[in-house]
Amino acid sequence: MGRIVVGVDGSASSVKALHWAVRQAELTGDTVEAAIGWEYPAGAWATMAPGIPPEFDPEKLAVQILDETLESALGKEGAAAVDRQVVGAHAAQALLARAEGAELLVVGDRGYSGFKAALLGSVSLHVTQHATVPVVVVRGE
């Protein structure tokens, strides 16, 4: 039994990727691991974002996004069957690290950042270029 890693950030695209990964795992007998990356605002970005409260915890927020997305998309029982990984790294690096040794890496074509006119989001583009395992990009509408 192998492992399918899927990137989940709460976006509609990542929910489609999650559903695709779960269906694929049902066919192959693999487990599903949902992964999300998080980072502290760094450098100039942190100074340009006034009002970030000192208690802001991006890791806690990532856990919340992952938990809520899984339960909303799969229900309590379905969400309980998915392994969860919250990684302190940029999303692309987090997914590449978690995908090491996996059977497959699944991502949506668009996350919560980037330009709408782009064919692929920056994370999906990066992982397709650098992953050491097969990558499936689940297209949106």
Side-chain angles (χ1 to χ4, degrees), residues 1-43 45-141:
M1 189 162 67
R3 180 171 54 95
I4 298 173
V5 175
V6 57
V8 176
D9 67 359
S11 67
S13 181
S14 75
V15 171
K16 283 187 172 194
L18 173 64
H19 283 291
W20 192 96
V22 167
R23 284 192 306 272
Q24 181 66 19
E26 289 170 354
L27 294 172
T28 61
D30 295 329
T31 62
V32 175
E33 177 182 298
I36 187 170
W38 64 271
E39 296 179 286
Y40 282 107
W45 287 109
T47 60
M48 292 171 55
I52 293 178
E55 67 275 3
F56 174 68
D57 185 347
E59 181 178 15
K60 184 177 178 182
L61 180 59
V63 169
Q64 179 182 346
I65 290 168
L66 186 58
D67 289 346
E68 288 176 0
T69 302
L70 290 176
E71 191 166 315
S72 173
L74 304 175
K76 281 188 185 273
E77 187 177 313
V82 175
D83 295 328
R84 300 159 198 227
Q85 293 295 322
V86 179
V87 182
H90 179 271
Q93 279 77 35
L95 292 174
L96 290 172
R98 292 306 314 159
E100 285 295 321
E103 299 299 315
L104 192 61
L105 173 58
V106 182
V107 294
D109 64 341
R110 306 282 329 137
Y112 269 134
S113 62
F115 298 101
K116 296 238 184 242
L119 293 176
L120 288 179
S122 60
V123 171
S124 54
L125 181 62
H126 188 84
V127 300
T128 57
Q129 293 174 337
H130 299 283
T132 58
V133 301
V135 178
V136 172
V137 179
V138 179
R139 299 287 303 191
E141 298 301 319

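When every heavy atom of A94 is checked against every heavy atom of G37, the shortest pair comes out as CB-CA, 3.8 Å. In terms of heavy-atom proximity, G7 sits nearest to L95 at CA-CD2, 3.5 Å. In this structure, A21 and V106 approach most closely via the heavy-atom pair CB-CG2, 4.2 Å.
Of the possible polar contacts, none joining the S14 side chain to the G108 backbone as a donor-acceptor pair under 3.5 Å is found.
With rounding to the nearest 0.5 Å, the separation of CD in E59 from CD in Q64 is 13.0 Å. Rounding to the nearest 0.5 Å gives a distance of 3.5 Å between OG1 of T132 and CD of E100. From S13, atom OG reaches atom CG of L18 across 11.5 Å, with rounding to the nearest 0.5 Å. Annotation: the span from Q24 atom CD to H19 atom NE2 amounts to 15.5 Å, rounded to 0.5 Å. Rounding to the nearest 0.5 Å gives a distance of 4.5 Å between CG of D109 and CZ of R139.
Considering only heavy atoms from C-beta on, V138 stays 4.5 Å or farther from V107 through its side chain. Here the side chains of W38 and V86 are in contact, with some heavy-atom distance below 4.5 Å. Here the side chains of H90 and V123 are in contact, with some heavy-atom distance below 4.5 Å. At least one side-chain heavy atom of V127 sits under 4.5 Å from a side-chain heavy atom of L96.
For the side-chain contact (heavy atoms from CB on, under 4.5 Å) criterion with L105, the lone passing option out of V5, T128, I4 is V5. If you run side-chain contact (heavy atoms from CB on, under 4.5 Å) between V32 and each of L74, D83, V82, only V82 comes through.
For R23, there are no salt bridge (Lys or Arg N to Asp or Glu O under 4.0 Å) partners, not counting sequence neighbours. Annotation: side chain to side chain donor-acceptor pair (under 3.5 Å) contacts of E33 (sequence neighbours excluded): R3, R98.
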When you look at I65 and D67, which way does the side chain to side chain contact (heavy atoms under 4.5 Å, CB included) test go after all the steps? CA-CA 6 Å; I65 290 168; D67 289 346; over 6 Å; no

Let me see the working for R84 and L70 under side chain to side chain contact (heavy atoms under 4.5 Å, CB included), right down to the final yes or no. CA-CA 9 Å; R84 300 159 198 227; L70 290 176; 3.6 Å; yes

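Legend: side chain to side chain donor-acceptor pair (under 3.5 Å) pairs involving residues 69-82, not counting sequence neighbours: none detected.
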